[in-house]
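Beneath this line is the structure, given in structure tokens, with notes to follow.
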Protein chains: 2
Amino acid sequence: MGMNIKKRFHYEARARVAKALAHPSRLLILDALKEKDQCVCELTELVGADQSTVSKHLAILKNVGLVEDRKEGAMVYYRNRCRCLEGFFECIESVLKENIKVQQKMVL
Amino acid sequence: MGMNIKKRFHYEARARVAKALAHPSRLLILDALKEKDQCVCELTELVGADQSTVSKHLAILKNVGLVEDRKEGAMVYYRNRCRCLEGFFECIESVLKENIKVQQKMVL
DNA sequence: TGCCCATATGGTAATATAGCCATACATTTT
DNA sequence: AAAATGTATGGCTATATTACCATATGGGCA
């Protein structure tokens, strides 16, 4: 056995957050929320899926603490709860860019 | 419809990378590879799962370009292909820390 | 009160993921 | 050449994820 329980648990906690980030619609939503808070109907329009689907995506993001919501009349507005997503997105982008570089080398 | 095809495709590409990051064993592996390159048998020992399982995790990481491998005799060594994981891990950590803060407030 | 609008939730079916075992393949050792 | 070691892959089952539909809930308005 390579690890103790505590460490294992820590990686599971991290993975729960990473899993919440692992869907195109959820990444789109987080990106959109960088600009300004948005209600479910706006995000539904943006994502282009069923309203219930988007609502569930938002619940997933909320459960791991990536977004928070506030009620305003009949509407529910969501907003980013962390400013750290920059680092995350940059990392992903750099991987994708590197991949493209490698592909281009293959072609040459 | 809220988006064009190109943007949608971009978010799918990002999500593929994020998905590869969304498993505790794979996060553990990436963390371990920060120190030094390691062969499959070392990583298998570390993760504590079947060798075939670890091999598949490594294939997933490799497919999205997060790691690369080199053969050395009978062994295959893996290593991180991007240095950017810092940013990613920091982001995750900051979310987790914020969650704990909120939980503590609830208790008080 | 009765009717719309915005959102969340339960149900369900299709698909994806994760793990193990068995096994194939390559390399090293005897 | 045969046995042993290190890795990858196919098969299979169990579980998780996703999307949609139908519907419940709650607020605002006629």
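Note on naming: letters A, B, ... go to the chains in the order of the sequence lines (proteins, then strands), and numbering restarts at 1 for each one. Just so it is clear, the values below take in all heavy atoms, side chains as well, and ignore hydrogens, waters and symmetry mates.
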Could you check how far [atom1] of [X] sits from [atom2] of [N], rounded to whole Å?
| X | N | atom1 | atom2 | value |
| --- | --- | --- | --- | --- |
| A:Q51 | D:dT25 | CD | P | 16 Å |
| B:L21 | C:dA18 | CG | C1' | 17 Å |
| A:M75 | C:dA8 | CE | C1' | 16 Å |
| A:L61 | D:dT18 | CG | P | 11 Å |
| B:H23 | D:dT17 | NE2 | P | 11 Å |
| A:K71 | C:dA6 | NZ | C1' | 9 Å |
| B:L58 | C:dT17 | CG | P | 17 Å |
| B:R16 | C:dT17 | CZ | P | 11 Å |

Residue whose closest nucleotide on DNA chain C lies nearer the 5' end, A:K19 versus A:C41: A:C41
Under 4.0 Å between a side-chain N or O of [X] and OP1 or OP2 of [N]?
| X | N | value |
| --- | --- | --- |
| A:Y78 | C:dA8 | yes |
| A:H57 | D:dT17 | no |
| A:S55 | C:dA8 | yes |

Let me know, please, whether B:C39 or A:D50 comes out on the 5' side of the other along DNA chain D by nearest nucleotide. B:C39
For A:I60 and A:A74, find the nucleotide of DNA chain D closest to each by heavy atoms; which residue's nucleotide sits nearer the 5' end? A:I60
So how far is it from A:C39 SG to A:L58 CG, rounded to the nearest 0.5 Å? 10.5 Å
Please round to the nearest 0.5 Å and tell me the distance separating atom SG of A:C82 and atom CD of B:E93. 12.5 Å
Would you find more than 12 non-hydrogen atoms of other residues, nucleotides or ligands less than 6.0 Å from A:R79 atom CZ? no
Describe the nucleic acid contact of [X] in one word from base, sugar-phosphate, nothing, applying a heavy-atom distance below 4.0 Å.
| X | result |
| --- | --- |
| A:K56 | base |
| A:Y77 | nothing |
| B:A59 | nothing |
| A:S52 | base |

For residues A:H23 and B:E12, is any side-chain donor paired with an opposing acceptor at under 3.5 Å? no
Residue pairs, two or more places apart or on separate chains, that pass ring pair (Phe, Tyr, Trp, His ring centres under 6.0 Å) and touch residues 66-108 of chain B: A:F88-B:F88
